[in-house]
Number of protein chains: 2
Amino acid sequence: MSVTIKDVAKLANVATSTVSRVIANNPRISDGTKKKVRDAMHELGYHPNAIARSLASQSTQSLGLIMPRSTDIVFQNPFFLTLLRGISEGAQNAQYTLLMTTGKSDKEIYDGVVQIVQGRKVDGVILLSSQVEDDILSYLYKRKFPFVLIGKPYKYKDKITHVDNDNFSAANEATKHLLTKGHTKIAFIGGSRKLTVTMERLLGYREALETADIPVRDAYCVHEEFLSSGGQEAVKGLLDLPDPPSAMLVTDDLMALGVLRVCNDLGISVPESIAIVSFNNTMMADMSRPPLTSMEINTLDLGYQAVTSLIQHISQPNEPIKRVIIPHSLVIRETT
Amino acid sequence: MSVTIKDVAKLANVATSTVSRVIANNPRISDGTKKKVRDAMHELGYHPNAIARSLASQSTQSLGLIMPRSTDIVFQNPFFLTLLRGISEGAQNAQYTLLMTTGKSDKEIYDGVVQIVQGRKVDGVILLSSQVEDDILSYLYKRKFPFVLIGKPYKYKDKITHVDNDNFSAANEATKHLLTKGHTKIAFIGGSRKLTVTMERLLGYREALETADIPVRDAYCVHEEFLSSGGQEAVKGLLDLPDPPSAMLVTDDLMALGVLRVCNDLGISVPESIAIVSFNNTMMADMSRPPLTSMEINTLDLGYQAVTSLIQHISQPNEPIKRVIIPHSLVIRETT
DNA sequence: CTGAAAGCGCTAACAC
DNA sequence: GTGTTAGCGCTTTCAG
């Protein structure tokens with residue numbers, strides 16, 4: 001097999017425990033032996049076995065990444081790529097590696113989580129987005145396993161470290177932007193009703209309308225997947241209405257792109273006939289024709305802060321639960 | 001601590017080795033004891049510790065994912081997201097989990113690799129793209145560590161399992177497409193010259209021109225990063241030429257989008273004044289205005305086949321080295 | 001400041 | 001079929 005701590009100990013004429021201490025850079029070891037041991041390591045090309053270390057020290061220097069939605073969907077959205085970039089930067093900075101589990105069905109995903117959590121393959125877990133009834137979240141919470149949620153928990157709000165935007169306000173402001181543009185018939189195209197983020201944004205949207213004394217119409221609120229096709233479906237339904245909306249609040253750029261495409265195909269001019277405000281402000285918002293007015297939610301930060309909070313939570317489990325709110329800002333382009 | 005194999009053994013009145021065998025579903029165990037042990041596991045809520053298993057069995061059921069380019073760049077390109085989807089599907093199907101290491105500098109990335117490889121955190125590694133002189137590739141090759149390359153190795157071609165497109169032919173066909181459209185002044189906008197994929201495509205491009213008796217001009221060949229900004233830089237330089245090209249072969253959609261943007265800003269009509277053929281056929285090719293003619297390289301398959309090959313290579317190390325070529329096809333849209 | 005020795009939780013010969 | 005036992009490679013008391 002490969003070279004172990006024993007070989008190093010033998011060559012350096014010390015005990016294995018001393019070698020171990022040198023690896024951990026224990027200050028109680030004299031500089032002399034430190035050098036001796038390090039030389040031996042070099043000579044043998046020694047590199048510590050992380051697995052053995054993990055077993056003995058009960059820590060892995062890995063973080064789990066859980067996507068509680070089918071990978072089919074998540075992996076098609078550039079939003080996720082940016083989030084991943086933020087997460088990976090944070091992990092890299094703290095010398096953690098990332099372990100991903102994925103799955104197509106809820107069961108597959110859940111089993112994957114159990115495997116890495118109970119299998120102790122990770123020191124903590126990042127949960128991307130939460131549902132109203134979230135099995136995985138409950139599982140982690142009950143086991144008291146360190147985790148951070150990107151999004152807002154439905155239950156145990158002040159018992160779960162989470163990183164989120166103020167989605168109520170963001171949607172509220174986005175809707176108001178549309179109102180100031182003179183729109184009164186504003187539709188809401190959101191993701192699944194099971195997601196807390198969707199519900200938050202829906203509330204923000206409703207509040208804006210109510211404040212403006214505009215009745216909220218159920219027919220104007222549709223829910224689809226965060227895909228271009230989702231946006232297409234949604235807008236088709238809305239345009240078929242006897243009294244179609246003149247503006248739409250779309251909670252994802254990819255969906256908005258679908259909306260835009262349908263409008264384009266139907267010869268509906270944007271923003272003249274239909275105004276659109278979108279969410280996430282991904283690269284696509286800037287690239288589309290016309291460029292999308294989109295809510296910047298600072299996705300990169302969302303990911304980065306999530307890892308940072310998680311690592312802090314792991315190293316100081318007794319610190320109080322943290323809640324980080326990432327700022328948002330509307331980027332106005334040409335669809336409004 | 002949590003419940004271990006010993007607790008199960010005690011409750012079921014068997015030896016730990018028996019429990020271990022039940023976990024591995026060893027056929028030599030009688031159905032009776034199997035049931036007895038499983039019941040005990042259930043009762044205690046036992047779940048095997050993956051780390052301990054790994055240490056004892058010298059296998060982790062994890063695969064490493066190495067991005068040999070700065071994450072800043074990779075994580076901005078939707079191409080990568082699709083690749084990741086393919087990889088993750090393959091891994092999931094085979095019950096492997098994915099471990100990602102990233103880094104900003106070459107050194108960071110290299111150190112990350114050493115850490116997971118020598119640290120034995122993974123059973124094998126997927127290397128995304130290769131450079132002409134590739135330290136990481138050499139390292140893995142010399143250590144005889146199981147890995148698969150997505151792309152073409154510069155050295156040891158038939159000693160390294162790799163999954164790739166026929167990039168020479170792909171670029172060749174793309175160029176010929178432009179030639180048949182009547183273009184003779186065709187530029188090449190590619191990625192870094194260090195990447196084998198760039199060099200392959202450049203060769204395919206040159207061969208097409210030479211066959212058509214068109215001299216290859218060095219000024220027409222530019223190399224930039226796979227970013228929108230890279231495309232913008234490139235096209236600006238080309239348009240400043242005394243005799244600017246009328247068509248461009250761009251080896252990435254994101255770059256092509258940058259090209260398109262500059263053309264748009266300058267009032268240059270596409271495809272009338274400048275024709276563009278791009279590569280990768282990501283979602284963006286379809287979304288851009290005008291939609292990009294782009295080379296479909298079946299990115300999802302590229303990722304999926306890579307994992308499959310790697311897993312096979314791990315389980316049967318003595319099988320011959322495999323080389324998988326994923327087909328390509330030009331998707332003609334409105335930029336040519 | 002350093003060494004001896006007991007484990008971390010599991011697997012895999014080797015017995016019987 | 002099942003138990004005994006010796007590790008996997010490292011960390012961490014406890015001595016000294």
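Convention: sequence-line order gives letters A, B, ...; per-chain numbering from 1. Here the structure is a predicted model, which means the values were calculated and not measured.
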- Does A:Ser30 put a side-chain nitrogen or oxygen below 4.0 Å from OP1 or OP2 of C:dT2? yes
- Do the side-chain N or O atoms of A:Thr33 get closer than 4.0 angstrom to the phosphate oxygens (OP1, OP2) of C:dT2? yes
- Heavy atoms under 4.0 Å, any strand shown: does B:Val14 hit a base, just sugar-phosphate, or nothing? sugar-phosphate
- Query: Using a cut-off of less than 4.0 Å, is there contact between a side-chain N or O of A:Thr4 and OP1 or OP2 of D:dG9?
  - Reply: no
- Message: Nearest to the side chain of A:Ser20, heavy atoms from C-beta on, is which of C:dC10, D:dT12, D:dG3?
- Response: D:dT12
- Query: For A:Thr16, does its backbone N or O pair with a side-chain atom of A:Ser20 as donor and acceptor, under 3.5 Å?
  - Reply: no
- Look at A:Lys104 together with A:Asp72 and state whether they make a salt bridge at an N to O cut-off of under 4.0 Å. yes
- Query: Would you say a side-chain N or O of A:Arg28 is under 4.0 Å from OP1 or OP2 of C:dC1?
  - Reply: no
- Message: Run A:Lys35 and A:Asp39 through salt bridge (charged side-chain N to carboxylate O under 4.0 Å, His left out) and show every step you take.
- Response: CA-CA 6 Å; A:Lys35 181 174 181 340; A:Asp39 286 350; 2.7 Å; yes
- Is the distance from OP1 or OP2 of C:dT11 to the nearest side-chain N or O of B:Ser57 less than 4.0 Å? no
- Query: So which heavy atom on B:Gln61 is nearest to which on A:Lys121, and how close?
  - Reply: O-NZ, 3.9 Å
- Query: Are side-chain N/O atoms of B:Gln92 and A:Glu108 paired as donor and acceptor at under 3.5 Å?
  - Reply: yes
- Query: Do A:Ser309 and A:Thr161 meet the criterion of a side-chain donor-acceptor pair at a distance under 3.5 Å?
  - Reply: no
- Estimate the overall bend of the helix from C:dC1-D:dG16 to C:dC16-D:dG1 from the end axes over five pairs each, rounded to 10 degrees. 30°
